[in-house]
Amino acid sequence: MSNNTNEGLFQIRDLLSEAATFLTDAGIESPRLEAQILLAHQLQTDRTALLVREDEPVSPEEAEAFRALVRSRGAGEPLQYLTGGQEFMGRTFRCRPGVLVPRDDTGVLVEAVLEKFGDHSGWRDVADIGTGTGIIGITLKLERPALNIWCTDVSARALELARDNARQLGADVLVVESDLLNGFVQMGDRLDVVVSNPPYIRRSDMDGLPADVRREPALALDGGADGLVYVRRLAAGARDVLRPGGMLAVEIGWDQGEEVAEIFAQTGYNGIEVRSDWGGRDRVVLGMWGSSNDGEKNQGIE
Ligand code: GLN
């Protein structure tokens with residue numbers, strides 16, 4: 001160690017390079033960045049502040065706590081479970097083990113829905129099915145405060161976390177337990193939009209997922225034999241809860257666009273669109289429910 005006045009203490013610089021080496025060996029893709037994120041988290045600061053303090057010492061206790069985080073990360077724990085947060089569309093959502101970590105790609109789904117509100121100013125009632133951390137429903141509510149949003153999940157951990165995120169971000173959404181659309185059936189057709197990032201990974205692909213993704217709940221990832229079990233159930237079920245002229249919008253895997261568009265068509269949706277993510281791969285499918293005339297009629301109202 002360097003012979004400074006803080007003998008026995010570790011400098012930020014040394015801790016970072018030690019951690020980066022460890023994470024590199026563990027096969028982490030961005031080892032330096034992740035080391036910085038974890039140390040900033042441990043020291044309750046941000047990365048920029050950390051990097052201008054590289055010469056400063058860290059107490060042995062803090063250094064040991066940081067090393068424990070680095071070891072967990074090296075063993076495959078998702079970074080967001082260690083830091084407790086992930087940014088999504090400019091807001092920080094809390095993350096915890098047992099609930100899927102938000103992915104940037106889901107922004108394509110949220111933006112597609114927001115864009116469609118432009119043509120359907122009468123839409124009010126929206127259900128985010130399988131909300132997880134709550135990113136979809138909470139973001140929609142914060143972007144469009146007039147909406148009534150239900151965030152649903154079948155997982156108690158997800159419901160608790162979505163409630164925490166809604167409270168923390170000041171989003172007045174209803175977080176309720178529901179297995180897919182079951183909770184809405186008695187209400188009749190009263191939803192304008194059903195939006196979901198369902199589990200869509202093929203069962204046979206589950207074992208091949210990266211170590212950190214395998215630490216995330218299979219409940220949120222495993223889409224059954226062909227990955228489309230939940231998409232099919234949503235497409236069939238949304239017909240009973242959507243108002244005529246309403247929309248079903250789902251996130252999908254990069255190779256599922258054609259198949260999901262076909263499922264939507266066979267189930268009776270029209271105006272079907274497949275949208276790509278920023279990497280140019282299929283990511284979202286939208287379908288309108290009811291005759292296209294109904295859809296047009298609704299556009300002019302209010
Ligand atoms: N996009 C996620 C992944 O590839 C999957 C999310 C999901 O199944 N809904 O890890």
Side-chain angles (χ1 to χ4, degrees), residues 27-30 34 73 76-82 86-89 93 95-113 127-140 151-155 157-159 161-162 165 178-181 194-235 237-238 248-261 263-264 274-287:
I28 300 294
E29 228 169 86
S30 309
E34 295 209 7
R73 180 66 189 120
E77 191 71 357
L79 183 68
Q80 297 85 347
Y81 290 166
L82 296 168
Q86 171 63 38
E87 206 178 295
F88 180 76
M89 292 181 74
F93 287 77
C95 295
R96 275 183 223 132
V99 185
L100 190 77
V101 172
R103 312 290 206 260
D104 282 343
D105 285 332
T106 304
V108 177
L109 177 63
V110 173
E111 279 176 2
V113 172
D128 169 13
I129 305 298
T131 195
T133 50
I135 49 167
I136 298 172
I138 290 170
T139 304
L140 289 174
C151 293
T152 77
D153 211 290
V154 72
S155 150
R157 285 199 198 183
L159 292 170
L161 185 55
N165 276 321
S178 172
D179 185 3
L180 292 182
L181 292 157
V194 171
V195 55
S196 182
N197 172 18
Y200 55 70
I201 296 183
R202 274 178 214 91
R203 175 80 39 84
S204 55
D205 291 340
M206 289 290 294
D207 285 343
L209 293 173
D212 45 4
V213 181
R214 275 187 276 123
R215 300 276 182 119
E216 295 187 78
L219 181 69
L221 296 166
D222 182 346
D226 67 351
L228 298 175
V229 166
Y230 296 98
V231 170
R232 264 187 221 97
R233 286 175 61 191
L234 283 167
L248 172 62
V250 295
E251 181 173 325
I252 59 161
W254 64 274
D255 56 353
Q256 295 173 336
E258 220 172 292
E259 237 177 314
V260 173
I263 290 170
F264 273 38
V274 179
R275 300 277 181 103
S276 306
D277 60 26
W278 296 290
R281 296 155 305 191
D282 292 351
R283 183 58 63 187
V284 165
V285 179
L286 312 172

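One-based numbering, in listed order, for ligands and for the atoms of each. On a predicted model such as this, the values are computed, not experimentally measured, just so you know. If you read the sequence from its start, that first residue is 1, and numbering goes on from there.
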What part of Glu216, side chain from CB on, backbone N/CA/C/O, both or neither, has a heavy atom under 4.0 Å from ligand 1?
neither

Please confirm whether the backbone N or O of Glu34 pairs with a side-chain atom of Arg73, one donor and one acceptor, at under 3.5 Å?
no

Closest non-hydrogen atom pair between Gln86 and Pro102, with its separation:
CG-O, 3.8 Å

Going by side-chain hydrogen bond (donor to acceptor under 3.5 Å, both in side chains), Arg202 matches just one of Asp255, Asp222, Asp226. Which one?
Asp255

Run the contact test for Ala220 against ligand 1 with a 4.0 Å cut-off on heavy atoms, strictly below, and give the result.
yes

Residue, atom and distance of the protein heavy atom nearest atom 4 (O) of ligand 1 read Ile201 CD1, 4.2 Å

Has Arg215 got more than 12 heavy atoms of other residues, nucleotides or ligands less than 6.0 Å from its CZ?
yes

What is the closest protein heavy atom to atom 10 (O) of ligand 1, and at what distance does it sit?
Arg103 NH2, 3.0 Å

Which atoms from ligand 1 have a heavy atom of Pro198 less than 4.0 Å away?
7 (C), 8 (O), 9 (N)

If we count only N and O atoms by modelled type, under 3.5 Å, do the side chains of Gln256 and Tyr200 hold a donor and an acceptor together?
no

When you measure from atom 8 (O) of ligand 1 to every protein heavy atom, which one gives the shortest distance, and what is it?
Tyr200 N, 3.1 Å

